[in-house]
> 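Below are the structure tokens for one structure; questions will follow.
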Amino acid sequence: MPIKASRVRFWLLDINFEMRLGTPEIWLWGTCNGERILLLEREFKPYFYLVISEEPRSVLPALRSESQKLGERVEFQPLERNFFGRPVKVIKVICTNPETMGNLAQRLSKVKGIDESLEDDIRLSTRYLIDTGVTPCSWHVADVRRAENPPEVIADKVYSLVGPPEKLDEGGLPDLRIMSFHVVSLGGSGSLQQGKEPLAVISVDGSLKRPRQFFKGDGEDREALASFIKYVKEYDPDIIAGYGANQGIWQAIMYRAQHRGLKLTVDRAFSEPHSSLYGHISITGRVGLDLIDVAKEMPSLDVERLDYFARYLGLSVKEELMDFEEADLSDLWASGDKKPVLKYSAQNAQIIAEAAEFLLVFLTQFSDLVKLPLDHVVAAAVGFRVESYLMAFAHKAGELIPKRIGRDYAPYAGGLVLNPKPGMHKDIAVIDFTSMYPNLMIKFNISPDTYAEEPAKDLNVAPEVGYGFRKSPDGFYKQALRSLVSARRDLVAKLKGLGPATTEHKLLEARQRAVKIITNAMYGYCGWVGARWYAKPVAEATAAWGRSVILRTIGLAKSAGLEVIYGDTDSIFLRNDPAKIAKVLSDVGEEIGLEARPEKVYRKLLFTEAKKKYCGLLSTGEIDIVGLEAVRGDWAGVAKRAQTKLIEIILREEDVEKATAFMRQFVAQVLKGDVPKRDLVIWKTLTKPTEEYEVKAPHVEAARIMKEKGWQPNVGDKIGYIVVKGDGKLYQRVRPFAFMKGFEPDYIYYVQNQVVPAAARVLSIYNVDESSLIA
DNA sequence: GCCTTATGTATACCA
DNA sequence: ACTGGTATACATAAGGCG
């Protein structure tokens, strides 16, 4: 019977692998022209490498017999590869079962003549992406035929791949179906504990269908859950977005479904959401996005509250719908006043859908660049994103991928920070080096594979630390960085010719941003002990070159007759004398061979003795606050607001009297209790389970109280607490901000330990005493 | 036992 | 679960005193 072949074009949404009919099968979920398709690949075989120091024929018989003993059908291919820049002889071991591959590799690596096994720790779906160049969130064409024995899935068509898909050089997104969801459960106090309590309401939204809400009637939540599952099937979303979804919301829903005898088949393969590689919940055939992961990476958000996040993205939020604590949701619901709860949840679902839509371009570009599926790229830590990029890059360069191994933490010296000249400075220019570390790594060819352990000719030798790096050939990091830097240059050049509001512009701008992030993370990655391409000398030498560059720049500034007021790692602060600055910049280019640029100019700039903390009035008229309490998330709003106002008075009006008077009045107001409660909340991150803390701490104590009340604070959550009146240590006087009933804020604490120290930090320059603020 | 000082733990920031 | 450098607060241990 002739096999009808055809060609399909698709955008890759998700990839997974299944053992089916005894064979590993790669599943590619694609979308195109409004159709959802599943492409099956049954021919792709798992494999790994054995590094040998002898001739292949002397080890092959032993390898054959060992694999026979294990009952594995394998094929051996002697090959040449590079490992850390050195040519190595390897045997590629192609096997059949990815699940037993690790064990096989371990056994075969013990055979005499085998040095080690490599790449046996790479998952099959990752392997497939690396080897074929197939890329998530990117367009492809593929030759396909109708699948025989297609699996039971939700898809318009199921095909078998005739060969690997070919990646197309096309940008743009297909029409993706985004669905969002938000859940309110009836825990003891409105929390999503372990799903022990019924769900009050599940809200869904998205651009495709009208928003809906499924809620519990008088009885239980079975109906709501069943309707939710049905709705997802009808909607058939490509992306399911939630907020905190990976941190208990899916678990709670799953628990409830199980409790009510329902199977939570919200994926495209009639199975249930399951936990995946980066601690996230994976939904086969769809992309499960937890936007809280995105929020946690936004440094300007003190607290990852959904409404703050939404406002930060520029989305409109109806404040009146958020006007109660989450802790009160349960009571409200129980009191029969369900309307505000429903409205609140509906708005949240709407915000999540809008945020997902807003972020989609950037996230898909990021996924495409580093070759991690969309749900993975959002959930994965920075180091794994860089690593994913490098793994694909290594394969293209014929380099073997090092194993992930456990190492002990090994610190080294980093950037140089100068002592600031305290006081008020006028007309100060900041010059800094553009992408200093990446450029140093390129310039001196700093890479694990160019590192010369023995002294040799023609090396770049790092100052202070003395590590040598071969000048040629180009090292692995240099190749990767150069490709990133040139990609970014091209993108930026293309952007200039485009209208700012066009789809193309948006796409390239997002791409450019993704490239920049990976470029700048490369140095940190190479000094991370968990990195596959970890090399301490690389990180250490880069930092040492950085220190020498900044020191030499200081020298050049001084010879040009400029006073250096401050400097940190890759920047120096100088008197803004344009002619002299220009001289310094050209000297830097000539003598150091790196680009430094004037970054900004301060009309006025204020330093205390402390490093990394200052504030200034920029030439643009803006106030810039760096490192001070006003920009720290772990200070109460009262202190931050007071300090900000104070800084404005001092910088704009230079009136210390007025500033002091303002502070006195502010302090009096706080002592009267005339301050919004939310300005008293102090937020701190719970960095480990409460039991693991060695000393008592206020936010840990607050988290413990939350637990008692039925809440489940997770590691990584920010705990908001208020200091209340009472006796004992500070940690004995805190309440989670949502549980203030019967407690009164300790305004004296807020004055003495928050407002006054924050103000004094700035006023101390003018010899204003702390006590004079309390009068 | 009480007070003062030194040290350690914890967090968030800057680059 | 990318790096080191830095400031700061509070808890706790250690030291001093009588």
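Every chain is numbered from 1 and lettered A, B, ... according to where its sequence line falls, protein lines coming before strand lines. Keep in mind it's a predicted model, so treat the numbers as computed, not measured.
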> With sugar-phosphate meaning primed atoms plus P, OP1 and OP2, does Ala521(A) contact a base, only sugar-phosphate, or nothing at under 4.0 Å between heavy atoms?
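Touches a base.
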> Can you give me every donor-acceptor pair (side chain of residues 695-702 of chain A, partner residue at least two apart or in another chain, under 3.5 Å) with its distance?
unit_1    : atom_1 : unit_2    : atom_2 : d
His699(A) : NE2    : Thr685(A) : O      : 3.2
Glu701(A) : OE2    : Arg704(A) : NE     : 3.2
Glu701(A) : OE2    : Arg704(A) : NH2    : 2.6

> Name the nucleic acid region contacted by Tyr412(A), choosing base, sugar-phosphate or nothing; use a 4.0 angstrom heavy-atom cut-off, strictly under.
sugar-phosphate
> Output the residues of residues 596-615 of chain A in contact with DNA chain B, where contact means a heavy atom of the residue under 4.0 Å from an atom of the strand; sort by number or write none.
Lys612(A), Tyr614(A)
> When we call it a touch if two heavy atoms are under 4.0 Å apart, what does Tyr437(A) touch: a base, just sugar-phosphate, or nothing?
nothing
> Counting any heavy atom closer than 4.0 Å, what does Asp432(A) reach on the DNA or RNA strands: base, sugar-phosphate only, or nothing?
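No contact at all - Asp432(A) keeps every heavy atom at 4.0 Å or more from the nucleic acid.
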> Looking at Phe737(A), is Arg678(A) sitting on its ring face, NZ or CZ under 6.0 Å from the six-membered ring centre and within 45 degrees of the normal?
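Geometry flag: not set, cation outside 6.0 Å or 45°.
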> Pick the closest DNA chain C nucleotide for Pro757(A) and for Glu694(A) by heavy atoms, then say which residue is nearer the 5' end.
Pro757(A)
> What is the nucleic acid contact for Tyr409(A), judged by heavy atoms within less than 4.0 Å: base, sugar-phosphate only, or nothing?
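Sugar-phosphate contact only - Tyr409(A) comes under 4.0 Å of backbone atoms but never of a base.
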> Please work out which of the three classes, parallel, tilted or perpendicular, describes the rings of Phe607(A) and Tyr566(A), given edges at 30° and 60°.
tilted
> Using whole Å, what does the distance between atom C1' of nucleotide dT11(B) and atom CG of Asp302(A) come to?
13 Å
> Base, sugar-phosphate, or nothing: which does Val631(A) touch, judged by heavy atoms less than 4.0 Å apart?
sugar-phosphate
> Without decimals, in angstroms, what is the distance between Glu387(A) CD and dC2(C) P?
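One finds 10 Å between P of dC2(C) and CD of Glu387(A), rounded.
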> What is the distance, to the nearest angstrom, from the CD atom on Glu691(A) to the P atom on dA10(B)?
13 Å
> Touch check for Pro411(A), heavy atoms < 4.0 angstrom, all strands: base, sugar-phosphate only, or nothing?
sugar-phosphate
> Among Phe469(A), Tyr451(A), Trp545(A), Tyr437(A), which residue satisfies the ring pair (Phe, Tyr, Trp, His ring centres under 6.0 Å) criterion with Phe444(A)?
Trp545(A)
> With sequence neighbours excluded, tell me which residues meet side-chain hydrogen bond (donor to acceptor under 3.5 Å, both in side chains) with Tyr477(A).
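For Tyr477(A), no residue satisfies side-chain hydrogen bond (donor to acceptor under 3.5 Å, both in side chains) once neighbours in sequence are set aside.
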> Remember a base hit wins even if backbone is also touched, and classify Lys688(A) as base, sugar-phosphate or nothing at under 4.0 Å, heavy atoms.
sugar-phosphate
> Over how many whole Å does the gap from Tyr750(A) atom OH to dA9(C) atom C1' extend?
14 Å
> Let me know the distance between CD1 of Ile682(A) and P of dA12(B), rounded to the nearest Å.
12 Å
> Reckon Tyr389(A) touches a base, only the sugar-phosphate, or nothing at all at heavy-atom distances under 4.0 Å?
nothing
> In whole angstroms, how far is the P atom of dA11(C) from the NZ atom of Lys684(A)?
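So the NZ-P distance, Lys684(A) to dA11(C), works out to 10 Å.
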> Examine Arg311(A) relative to Tyr308(A) and say whether NZ or CZ is less than 6.0 Å from the centre of the six-membered ring and inside a 45° cone about the ring axis.
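Negative - Arg311(A) is either too far from the ring of Tyr308(A) or too far off its axis.
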> Base, sugar-phosphate alone, or nothing: which one does Ala413(A) contact when heavy atoms must sit under 4.0 Å apart?
sugar-phosphate
> How close do Ala245(A) and Asp290(A) get, heavy atom to heavy atom, and via which atoms?
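The answer is N-OD2, 2.9 Å.
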> Please work out if Arg761(A) contacts a base, only the sugar-phosphate, or nothing of the nucleic acid, heavy-atom cut-off 4.0 Å.
sugar-phosphate
> So Thr542(A), base contact, sugar-phosphate only, or nothing? Heavy-atom distance under 4.0 Å.
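Here Thr542(A) touches no strand at all.
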> Rounded to whole Å, how long is the line connecting atom CG of Leu628(A) with atom C1' of dA12(B)?
13 Å
> Taking all non-hydrogen atoms of both residues, which atom of Asp474(A) and which atom of Asp449(A) are closest, and how far apart?
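The pair with the smallest heavy-atom distance is O-OD2, 4.5 Å.
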> Look at all strands and tell whether Val386(A) reaches a base, only sugar-phosphate, or nothing, counting heavy atoms closer than 4.0 Å.
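Contact class for Val386(A): none.
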> When we call it a touch if two heavy atoms are under 4.0 Å apart, what does Gly530(A) touch: a base, just sugar-phosphate, or nothing?
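Nothing, no heavy atom under 4.0 Å.
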> Return the value, rounded to whole Å, for the distance between atom CD of Glu629(A) and atom P of dA7(C).
13 Å
